[in-house]
Structures are given as structure tokens and as C-alpha cells.
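Below is one structure, written out as C-alpha cells; the observations come after it.
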Amino acid sequence: MATLSCQFHLAIHRLPCKARVRPCFSCSVQPSQSNIKVVINGAAKEIGRAAVIAVTKARGMEVAGAVDSYCVGEDIGKVCDMEEPLEIPIMNDLTMVLGSISQSKETGVVVDFTQPSAVYDNVKQATAFGLRSVVYVPRITVDTISALSAFCEKASMGCLVAPTLSIGSILLQQAAISASFHYNNVEIVESRAHATDLPSPDAIQIANNLSNLGQIYNREDLSTDVSARGQVLGEDGVRVHSMVLPGLPSSTTVYFSGPGEVYTIKHDITDVQCLMPGLLLAIRKVARLKRIQFQQHLVYGLEKFL
């Protein structure tokens, strides 16, 4: 698609009174910037379907491939209940999809919503075809992240591993870090509708952020073995309480207390849509990611781009 730009030049000279002044103009055709080609790996999942819709509506990017082991062969637009099909069938072969995208020689990004055991191979395949990756797969091990970092350095290819795509969750974590320098007591209370992985990745991330800051929390009962006091994460006394009841929204609250006051930070998630602004930001940033920005090709945490 090309854009037509016109420049008008009006030149006036001394002419006889009856002479006409004719403006002249020139037109030039300039190539427009191409869209980012986005491949959704895990497209049939709830978050994958939301991502397909968000990318389709976003400016400067488009869905170029959908990969999943479910609904294979079906149009991803129909699977997402969109008004019109996207004419992109769901495929269970990531290599085939990447091969077709790489032939276009345009900027491509693979969004990975799969499983921790598959992340390394998926990023490796994307890199082999010249595509960068955004990985949102909870419970990735430290060893996997280290291996990905080493691989991305050798391949000189950018990758973002995001423990969360929720901007609200990131802001809560940043506020908690700031508060931790002023309070000696902290408790994390989370609520979830279903007991999947507890403590949740969000709670674990907050506890990790508060650890190793030179602060020991909850000294009064640091060594208690009472189960009702919650689970201690790390060695700095950060306690997490997980409440599970059907119908509850996904919520994370951090309580800090000091002499005569309680400081509370809370973040509620009511729908998977809360992850889409962060996802679109991640796609745009990783597509332009350069090593000079972070001294490494793998970036851990969407907060690095905020």
C-alpha cells in the first residue's frame, strides 16, 4: 500500500496585466510503513482469542498466523466470534506458519501463550525465521529464562518474557516496592475464583520484588508455624494468604502497617481484556528492541518498557 503525497508550489512573476498566473504542483509516491506481522501461539485459548481481536483492531499490526492444537483448520476469526472471518486457519505446526511469514521479509513477532516446557523451543524456532518473541507463560523456571537469555544473545534477536501483561499489576508492584522502605510489616492477600496455582504468579512476583531490599518484615511472628498465618515466601518474612471462592474476582491486595497507620494497595482483574493494552505495548516495543537499550537481547518484565 502506498501513500500519495502532493506538494504545491505557487510561483508569481512580473507578468503583463492580462497574463494568468498558473500554480504548479508535483506528486510523489512514498511507501507506507508496513504492519507488524503477529503470530499467536495458543490462539484457541481464552487469552489467545482476546489477543487475536486486540491485534486485529490495533493500528500498525495484523494477525498473520494462529497456532494451537485445538480447533485445527477452523478460521481463527470464527473461533473468536468476530463478525467476519480472517481467512487465517488455525494450524498446529508452528514451523510452517513461521516459514510463510518469514518469506514476506517484514517485521514479525510471535506471541507465546503455550506451556513452560515448550517456550524454549518456540523462541528458538521464531528466532531461526527472524521473528522476535513475546512470552507470557506463567511458571517459567529460572533455568529456562537463563537458557533463553543465552540463546538470544548468540542469535542477536530480541525477546520479552513477561510475568504479567497487566499494567495495573505492574503499577501495584512498583508501589509496593516504594512502600517497603517505609514499613516493617507486610502481608499479601489474594482472592481467586479457582484454585489453580497458589500462591499466584502475581503474589510470588510481589514477594520476590520485596525480598533482598535489606528489610525483614513481620519480625514479631517471623518463625511461627501456625498455618493460618499464611505461607512465607522467601527469607524476608513476606506472607501470602490465598482465598479461593467461586465467583470471586481475581484480586491482589498488599497491606503495609506502621505505627498508627495501615497502607493498602489493591488491584482487581475482572476480565482477560486487562492484559491487552500491555500485550500491544509489548509487541510494539519488542519489534523495535535493540540491545543498546538494555545491554542484552532478552528483557524480563514488561515494566522495563513503561
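As the structure is a computational prediction, the values presented were derived from the model and not from experiment.
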Taking the side chain as everything from C-beta on, heavy atoms only, tell me whether [X] gets closer than 4.5 Å to [Y].
X: L275; Y: V272; value: yes
X: P201; Y: P163; value: no
X: V110; Y: V134; value: no
X: H194; Y: P246; value: no
X: V109; Y: L131; value: no

Cluster link [X] to [Y], ILVMFWY, side chain under 4.5 Å:
X: I88; Y: F113; result: yes
X: I101; Y: V286; result: no
X: L306; Y: M276; result: yes
X: I47; Y: L302; result: yes
X: F305; Y: V55; result: yes

Show the atom names and distances, to 0.1 Å, of all donor-acceptor pairs under 3.5 Å that link a side chain in residues 169-176 to residues at least two apart or in another chain.
residue, atom, partner, partner atom, Å
S169, OG, Q173, NE2, 3.4
Q173, OE1, N209, ND2, 3.1

Do the charged groups of R229 and E187 touch, with an N to O distance under 4.0 Å?
->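 Yes, charged N to carboxylate O under 4.0 Å.
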Is atom NZ of K304 surrounded by more than 12 heavy atoms (other residues, nucleotides or ligands) closer than 6.0 Å?
-> yes
Roughly how far apart are [X] [atom1] and [Y] [atom2], rounded to 0.5 Å?
X: E62; Y: I36; atom1: CD; atom2: CD1; answer: 10.0 Å
X: L280; Y: R59; atom1: CG; atom2: CZ; answer: 13.0 Å
X: Y300; Y: S146; atom1: OH; atom2: OG; answer: 10.5 Å
X: I188; Y: L233; atom1: CD1; atom2: CG; answer: 6.5 Å
X: D68; Y: E74; atom1: CG; atom2: CD; answer: 11.0 Å

Run the side-chain hydrogen bond (donor to acceptor under 3.5 Å, both in side chains) check on E261 and Y183 step by step: do they pass?
-> CA-CA 10 Å; E261 67 175 345; Y183 298 96; 3.1 Å; yes
I265 and Y255: CA distance, side-chain angles, deciding distance, side-chain contact (heavy atoms from CB on, under 4.5 Å) verdict | CA-CA 7 Å; I265 315 169; Y255 293 91; over 6 Å; no
Taking all atoms of both residues into account, what is the closest heavy-atom pair of [X] and [Y], and its distance?
X: L279; Y: A51; value: CD2-CB, 3.5 Å
X: Y136; Y: T164; value: CE1-CA, 3.7 Å
X: R288; Y: R132; value: C-NH1, 3.7 Å
X: R139; Y: P199; value: NH2-O, 2.6 Å
X: A203; Y: V240; value: CB-CG1, 4.0 Å
X: C71; Y: I90; value: O-CB, 3.5 Å

Let me see the working for L281 and L165 under side-chain contact (heavy atoms from CB on, under 4.5 Å), right down to the final yes or no.
-> CA-CA 9 Å; L281 173 65; L165 289 172; over 6 Å; no
Take E190 and H241 through the test side-chain hydrogen bond (donor to acceptor under 3.5 Å, both in side chains) and record every step on the way to the result.
-> CA-CA 6 Å; E190 61 177 355; H241 308 262; over 6 Å; no
Contact list for residues 45-55, test side-chain hydrogen bond (donor to acceptor under 3.5 Å, both in side chains), sequence neighbours left out | none
Does the T107 side chain pair with the main chain of K37, one donor and one acceptor, at a distance under 3.5 Å?
-> no
Is the side chain of Y217 donor-acceptor paired with the backbone N or O of L210 at a distance under 3.5 Å, no angle test?
-> yes
No-hydrogen, no-angle side-chain donor-acceptor test under 3.5 Å, [X] and [Y]:
X: D268; Y: S251; result: yes
X: S200; Y: R192; result: yes
X: T141; Y: T144; result: yes
X: T114; Y: N122; result: yes

